[in-house]
Amino acid sequence: MKASRKIYLDPKKAVVTSAYQLSDEEMAAIKKSFSFLHLVEIVNVVDHRIMAGVVIQYKSRLIDLSLASQLNKLKEFFYETD
Amino acid sequence: MENLGIDYKLLIAQIVNFGLFFFIFKKFIAKPLAEFVKAEKAKEQEKENIMMAVRKQETEMAKNEEDAKRRLKEESIKALKLAQADAEKAAEEIIKAGQKQADKIIADAKDEMVAIRESAMKEVKNKVTDMSIFLVDKALKGYLTEDVQRSLTKHILTSLDSKPS
């Protein structure tokens with residue numbers, strides 16, 4: 001993740017983390033969904049801990065669409081519910 | 001008279017003698033004796049008066065003493081009643097304070113029990129949540145092949161298309 005941190009600090013690059021290597025179609029679909037990714041280079045980083053989905057990092061922006069984060073949200077929901 | 005054995009001379013002498021005796025007796029004996037008797041009587045009377053005064057004084061003193069004893073007894077009873085009332089009041093206040101403290105302790109203990117129960121329930125719930133999430137995580141890791149991961153990712157990205165970026 002240290003390498004990806006250097007990358008996402010670069011304003012010309014965005015990091016898309018996934019549980020497996022994304023295909024070109026998937027990358028294109030991601031670009032299509034987020035307009036700010038049109039003009040930057042996308043670097044795909046594989047991290048099995050996110051289980052499924054993607055995490056997009058660009059500058060100070062972080063979009064977490066991973067299954068792991070959904071599980072964490074579910075866990076927090078259970079914690080907060082009395 | 002002589003035949004009767006009465007001697008005039010002797011009679012006169014006896015009369016004179018008696019007169020002299022009466023005069024001397026009256027003059028020198030009867031009067032001082034009467035005065036002495038009178039003085040003695042006066043003394044007796046005075047003694048009697050003094051005795052009466054003393055008796056009267058004694059009676060008064062006894063009465064005063066009785067009164068004082070009665071007053072003392074009354075005051076003692078009054079003071080005792082007052083002290084008893086004060087003691088009862090103090091005891092009542094102590095009991096009230098004790099009751100209040102006991103009620104507070106019970107209420108605090110109940111609150112503490114509720115807090116402990118809630119804390120325990122929360123802890124159990126959190127442990128159940130942790131365990132559930134852990135199990136789901138483990139199950140998913142076993143279930144998530146690359147194909148499933150691709151399918152899920154595709155589903156997530158497709159659902160994004162309907163949302164603004």
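Quick note on labels: first sequence line is chain A, next is B, and so on, each numbered from 1.
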Checklist entry - Ignoring hydrogens and geometry, is there a side-chain-to-backbone donor-acceptor pair from A:Lys75 to B:Ser132 under 3.5 Å? => result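 Absent.
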
Joint hydrophobic cluster, [X] plus [Y], side-chain heavy atoms closer than 4.5 Å:
X       : Y        : answer
A:Met27 : A:Val55  : no
B:Phe21 : B:Leu11  : no
A:Ile30 : A:Ile50  : no
B:Ile12 : B:Phe22  : no
A:Leu74 : B:Tyr143 : yes

Give a yes or no on this: more than 12 heavy atoms of other residues, nucleotides or ligands lie within 6.0 Å of atom [atom1] of [X].
X       : atom1 : answer
B:Glu40 : CD    : yes
B:Glu74 : CD    : yes
A:Asp24 : CG    : no

Working to the nearest 0.5 Å, report the span between [atom1] of [X] and [atom2] of [Y].
X        : Y        : atom1 : atom2 : value
B:Ile133 : A:Phe78  : CD1   : CZ    : 6.0 Å
B:Asp137 : A:Asn72  : CG    : CG    : 9.0 Å
A:Met51  : B:Gln149 : CE    : CD    : 8.5 Å
A:Glu80  : B:Thr129 : CD    : OG1   : 11.5 Å

Next on the checklist: Please find the pair of heavy atoms, one from A:Ser33 and one from B:Leu157, that lie closest to each other, and give the distance.
Outcome noted: OG-O, 4.2 Å

Taking the side chain as every heavy atom from C-beta outward, state whether [X] and [Y] have any pair of such atoms under 4.5 Å apart.
X        : Y        : value
A:Leu71  : B:Leu140 : yes
B:Arg150 : A:Glu26  : yes
B:Ile156 : A:Val54  : no

Checklist entry - Who wins among B:Leu144, B:Leu152, B:Val148 for the most heavy-atom pairs under 4.5 Å with chain A? => result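 Winner by heavy-atom pair count: B:Leu144.
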
Item to check | Residues A:Tyr79 and B:Asp130: side-chain donor-acceptor under 3.5 angstrom | outcome: yes

Next on the checklist: Is A:Ser18 close to chain B through its backbone or its side chain, or both, or neither, when contacts mean heavy atoms under 4.5 Å?
Outcome noted: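 When you check distances to chain B, no heavy atom of A:Ser18 falls under 4.5 Å.
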
Checklist entry - Checking A:Gln21 against chain B: side chain, backbone, both or neither under 4.5 Å from a heavy atom? => result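 Contact with chain B is through the backbone of A:Gln21 alone.
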
